[in-house]
Amino acid sequence: MLSTSDPHSEAIAASSKWQKQSAAGNNAGAQRIDEIYGTDVFDQRKMRERLPKGTYKSVLGAIFKGQRLTQLDADVIATAMKDWAIERGATHYCHWFQPMTGLTAEKHDGLSIPDGEGGVVFQLSGNDLVQGEPDASSFPSGGLRATFEARGYTAWDPTSPAFIVRGANYATLCIPTAFVSWNGEALDKKTPLLRSIDALNTQAMRVLKIFGTDAGVSSIGSTLGVEQEYFLVDRNLYHARPDLTTCDRTLFGSRPPKHQQLEDHYFGSIQPRVLGFMAEVEDELYRLGVPVRTRHNEVAPGQYEIAPLFENTNIACDHQMLVMETLKRVAGRYGFACILHEKPFAGVNGSGKHNNWSLSTSTGVNLLDPQDETHTNLQFIVFMCAVIRAVDLHADLIRASIANASNDHRLGANEAPPAIISIFLGDMLTDLVEQLEKGAPNRTLKGGRLDLGARTLPTLRRDSGDRNRTSPFAFTGNKFELRAVGSSASVAWPNTVINTIVAESLDYIATEIEGKLKSASPTESQLEKVVKSALQQIVKDHKRVIFNGDGYSNEWHEEAAKRGLPNLASTPDALPALQSAKARNLFKKYKVLSRAELDSRAEIFAEQYNTRMRIEAETMISMARQMMLPAAFEHQRRVAETVAATERAGIDPTDARESLEEVADLIRRFKSAATQLDGLLGKVPEDPHKAARYIRDHIFPVMEALRAGGDGLESIVSADLWPMPTYRELLTIR
């Protein structure tokens with residue numbers, strides 16, 4: 001039973017109330033879905049129903065072939081989209097875009113305008129659909145825009161369907177767009193992604209043409225499935241913690257006696273209140289056209305996961321942003337706060353995203369599917385070797401693409417891959433690569449069957465290789481899984497990098513093969529000889545990046561250093577990769593980012609690191625001085641009174657004096673660390689990259705010392721005095 005003096009009893013009572021109401025909340029969510037007719041997505045099916053055949057054909061050309069839409073087409077599409085949205089209750093529309101904040105942005109405009117006769121008419125023109133003009137100087141630009149240079153443009157992305165976002169008394173038509181400056185420079189995460197998809201398509205089509213398998217294929221693109229991890233915390237407890245409300249992570253907090261040691265939360269039975277939340281999230285995402293499929297408990301208490309089906313990468317990146325927004329929005333209806341931070345609680349697992357990346361043709365063929373007799377599938381081996389080469393040459397760029405202040409807390413810990421970027425291939429593909437290096441592959445390892453020893457159980461098909469959760473870039477059957485992306489991050493930037501570096505490797509391989517073929521129509525044996533020769537050299541040059549062992553082990557760190565693999569442990573270590581001549585030439589060659597656009601991102605990422613770290617440091621100082629020290633001083637007063645009372649009673653006060661000295665010493669060191677941290681914040685250099693290194697080397701260690709002091713105080717200060725919810729409450733109350 002909880003004591004009535006517990007300062008959090010009101011929050012816990014509210015939690016119990018929400019638990020009782022979970023079923024009612026879920027039923028209400030289902031009722032809301034029943035009131036809506038189908039999905040709120042203006043997708044190809046809706047366009048086919050509402051557009052003239054000629055206009056619909058033009059839309060397909062724009063989506064699949066990059067053809068330009070005419071002004072007449074845009075007007076017809078806008079009218080159809082407007083009519084559809086109004087029928088579904090929309091009153092406003094917005095251009096929905098992804099600036100460099102890492103979040104989404106939108107400015108709402110009404111669909112109705114005065115008709116001059118006391119009424120209104122509904123209007124959405126082709127110009128309104130295709131182009132908007134938000135203020136470009138108020139978003140992060142990394143020097144691309146000055147404060148006085150305000151003009152920017154949003155440009156409709158026809159490849160990503162428009163959708164309607166609903167609330168209790170509103171419905172808004174959201175039109176996915178790119179965001180660029182007056183000079184046409186990318187100020188967002190979508191524009192480079194779309195450019196990288198074009199670059200990948202061009203080079204991958206060259207490979208298909210070499211093998212003569214390009215017939216009927218109009219394009220090749222990357223596909224993506226993103227697994228999203230997150231925490232749920234009771235909302236009342238969440239708002240009682242300034243660090244959670246300000247930084248989305250706990251800056252202080254002692255690990256409770258029971259956390260995840262028993263491993264009983266992973267895949268465990270989902271609590272009713274949580275399950276009600278999950279069901280409503282899935283309903284809303286279904287309505288938005290996001291094909292979610294999987295839900296389950298994750299490893300840490302209070303941690304969960306949601307995962308969708310595979311989609312084209314651009315749409316999957318948009319949908320991933322909608323997943324995060326929907327999780328946040330729906331959580332409050334069930335009395336939760338959804339935490340997407342990579343490491344909200346010290347001592348238990350953090351959260352990430354598993355970025356499952358593959359390649360697919362317009363005809364639906366997965367180019368990373370090895371098929372049964374893989375050693376005979378030379379085209380697959382080409383694409384596999386292109387990925388190996390890309391990851392080895394540009395491991396620093398991959399590391400930079402997932403670098404941020406919050407992910408630094410997680411990478412390399414016992415729930416996330418290390419900062420060393422390597423590839424896991426598994427037994428079958430590793431054997432294939434070894435055969436290729438020595439000569440021509442002539443066998444494919446088989447997994448066989450598993451007999452479970454009970455006649456009532458089925459015989460299972462055994463895969464040809466195991467999985468490796470410690471690898472940052474792992475082959476998992478018919479895709480590569482980048483496991484190191486942070487849970488709060490947009491996946492658009494990591495996939496821009498992956499698309500671009502793989503395009504570069506496909507370009508290299510195609511050029512090598514085309515240059516060595518003696519005729520435009522080589523025989524099968526001639527082609528096979530040239531291809532295997534090119535791939536053999538790639539394996540010899542880049543096999544160092546293949547590692548199938550334990551990525552968490554100290555031995556791997558030592559081995560990786562011997563192999564010459566980069567180990568960029570922190571964001572300030574990783575970001576300089578974006579300013580290298582290699583990176584600038586790469587992105588410029590494939591028209592993904594100009595030098596100015598790339599440099600701007602390096603500066604933005606450094607500034608974001610610095611700003612987040614400063615906010616955390618200032619929040620720690622505030623909590624220390626306004627909440628924790630007063631509680632500690634009151635506890636010290638009580639102990640001092642106990643010492644005095646013990647002496648008056650004629651009892652040996654040694655034990656009480658030791659307790660008093662312990663708390664006094666902790667308070668002294670804790671107060672000193674807060675003062676030291678406050679002083680260091682005034683010495684941060686102005687240059688963002690120098691500032692990032694200064695914060696890492698000087699400010700972060702003092703933040704760690706301040707945390708250690710605060711956690712020490714929490715362990716001895718009386719529970720009725722401690723001014724905020726503890727880990728025990730945050731991680732267990734559902």
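Keep in mind the model is a prediction, meaning the values are calculated, not measured.
- Side-chain atoms of Asn548 and Thr430 include a donor-acceptor pair closer than 3.5 Å.
- Note that the CG atom of Leu359 and the CZ atom of Phe480 stand 9.5 Å from one another [nearest 0.5 Å].
- Under 4.0 Å is where a charged nitrogen must lie from a carboxylate oxygen, and between Asp599 and Arg584 at least one such pair does.
- Ser222 and Asn499 form a side-chain donor-acceptor contact under 3.5 Å, judged by distance and modelled atom types alone.
- Formation of a donor-acceptor pair under 3.5 Å by the Asp678 side chain with backbone atoms of Ile621 is not found in this model.
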Walk me through it: do Glu559 and Arg563 pass the test salt bridge (Lys or Arg N to Asp or Glu O under 4.0 Å)? CA-CA 6 Å; Glu559 173 63 23; Arg563 296 188 187 187; 3.0 Å; yes
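- Electrostatic pairing of Asp248 and Lys343 does not count as a salt bridge here, judged by no charged N lying under 4.0 Å from a carboxylate O.
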Taking it one step at a time, do Ser487 and Gln228 satisfy side chain to side chain contact (heavy atoms under 4.5 Å, CB included)? CA-CA 6 Å; Ser487 54; Gln228 173 74 58; 3.7 Å; yes
Stepwise side chain to side chain contact (heavy atoms under 4.5 Å, CB included) check, Asp234 with Glu729: CA-CA 9 Å; Asp234 183 271; Glu729 297 157 314; over 6 Å; no
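- In this model, no donor atom of one side chain and acceptor atom of the other lie less than 3.5 Å apart for Glu229 and Ser351.
- Ser600 contributes no side-chain N or O that, together with a main-chain N or O of Gly142, makes up a donor-acceptor pair within less than 3.5 Å.
- Side-chain contact between Met724 and Leu237 is absent, with no heavy atoms from C-beta onward closer than 4.5 Å.
- Using a 4.5 Å cut-off on side-chain heavy atoms (C-beta onward), Glu618 and Met623 make no contact.
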Run the side chain to side chain contact (heavy atoms under 4.5 Å, CB included) check on Ile388 and Ile546 step by step: do they pass? CA-CA 8 Å; Ile388 293 171; Ile546 301 171; 4.2 Å; yes
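- The CG atom of Leu224 sits 12.5 Å away from the OG atom of Ser360 when rounded to the nearest 0.5 Å.
- Nearest heavy-atom pair across Trp493 and Ala400 is NE1-O, 4.3 Å.
- The distance between the ring centers of Phe345 and Tyr727 falls below 6.0 angstrom.
- For the pair Glu616 and Arg249, the salt-bridge criterion is met [side-chain N within less than 4.0 Å of a carboxylate O].
- Heavy-atom minimum distance, Ala316 versus Glu311: CA-OE1, 3.9 Å.
- Heavy-atom minimum distance, Ser422 versus Trp556: CB-CZ2, 3.8 Å.
- A donor atom on one side chain and an acceptor atom on the other are not found under 3.5 Å apart for Gln608 and Asn404.
- Considering only heavy atoms from C-beta on, Ile306 stays 4.5 Å or farther from Met278 through its side chain.
- In this structure, Phe336 has its ring center no closer than 6.0 Å to that of Tyr230.
- Side-chain atoms of Ser490 do not come within 3.5 Å of backbone N or O of Gly102 as any donor-acceptor pair.
- The residues Glu305 and Arg295 are annotated as not salt-bridged, no charged nitrogen and carboxylate oxygen being separated by less than 4.0 angstrom.
- For the pair Arg734 (side chain) and Leu232 (backbone), a donor-acceptor distance under 3.5 Å is present.
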Going through the checks in order, is the salt bridge (Lys or Arg N to Asp or Glu O under 4.0 Å) test met by Asp408 and Arg696? CA-CA 10 Å; Asp408 281 359; Arg696 177 198 62 194; over 6 Å; no
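- Once rounded to the nearest 0.5 Å, the distance linking CG of Asn610 with CG of Asp687 reads 9.0 Å.
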Step by step, would you call Arg693 with Asp573 a salt bridge (Lys or Arg N to Asp or Glu O under 4.0 Å)? CA-CA 8 Å; Arg693 292 190 291 272; Asp573 292 323; over 6 Å; no
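- Interatomic distance, Leu706 CG to Leu251 CG, rounded to the nearest 0.5 Å: 9.0 Å.
- Here the two rings, on Tyr304 and Phe231, have centers that are 6.0 Å apart or farther.
- Atom OG1 of Thr101 is separated from atom CZ of Phe139 by 7.0 Å, given to the nearest 0.5 angstrom.
- Between the side chain of Asn585 and the backbone N or O of Ala581 there is at least one donor-acceptor pair closer than 3.5 Å.
- Side-chain N/O atoms of Ser488 and Glu342 include a donor and acceptor closer than 3.5 Å.
- Considering all non-hydrogen atoms of both residues, Leu244 and Tyr238 come closest at O-OH, 3.1 Å.
- Counting only N and O atoms by type, the side chains of Gln98 and Lys189 include no donor and acceptor under 3.5 Å apart.
- For the atom pair Arg195 CZ and Glu597 CD, the distance stands at 4.5 Å (nearest 0.5 Å).
- Side-chain contact check for Lys479 versus Trp357: every heavy-atom pair is 4.5 Å or farther apart.
- At a threshold of 4.5 Å between non-hydrogen side-chain atoms, the residues Val226 and Asn356 do not count as touching.
- Taking both residues in full, the closest heavy atoms of Ser196 and Thr500 are given as CB-OG1, 3.5 Å, listed atom of the first, atom of the second, then distance.
- For Glu714 and Thr726, the side-chain atoms include no donor-acceptor pair closer than 3.5 Å.
- Look at Lys190 and Asp188 and you find no salt bridge, because none of the NZ, NE, NH1 or NH2 atoms lies under 4.0 Å from a carboxylate O.
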Decide side chain to side chain contact (heavy atoms under 4.5 Å, CB included) for Cys385 and Val539; before the verdict, give the C-alpha distance in whole Å, the side-chain angles of both, and the deciding distance to 0.1 Å. CA-CA 7 Å; Cys385 287; Val539 169; 4.2 Å; yes
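- Looking only at distances, no side-chain donor or acceptor of Arg728 sits under 3.5 Å from a matching main-chain atom of Pro256.
- A salt bridge links Arg544 with Asp392; the closest basic N to acidic carboxylate O contact falls under 4.0 Å.
- Using a 3.5 Å distance cut-off with no hydrogens or angles, the side chains of Ser358 and Asn366 do pair a donor with an acceptor.
- Between Lys683 and Tyr694, the closest side-chain pair of non-hydrogen atoms falls below 4.5 Å.
- Using a 4.5 Å cut-off on side-chain heavy atoms (C-beta onward), Val433 and Met384 make contact.
- Under the 3.5 Å distance criterion, the side-chain polar atoms of Ser580 are matched with a main-chain donor or acceptor of Ala577.
- When all heavy atoms of Phe252 and Gly710 are compared, the closest pair comes out as CD2-CA, 4.0 Å.
- Around NZ of Lys690, the count of heavy atoms belonging to other residues, nucleotides or ligands within 6.0 Å does not exceed 12.
- Taking 4.0 Å as the cut-off between side-chain N and carboxylate O, Glu504 and Arg389 count as a salt-bridged pair.
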Verdict with supporting geometry, Lys582 and Asp396, salt bridge (Lys or Arg N to Asp or Glu O under 4.0 Å): CA-CA 11 Å; Lys582 180 186 70 169; Asp396 55 346; 3.0 Å; yes
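- Looking only at atom types and distance, the side chain of Gln303 has no donor-acceptor partner in the side chain of Asn349 under 3.5 Å away.
- At most 12 non-hydrogen atoms from other residues, nucleotides or ligands lie less than 6.0 angstrom from CZ of Arg612.
- Using a 4.5 Å cut-off on side-chain heavy atoms (C-beta onward), Tyr266 and Gln260 make no contact.
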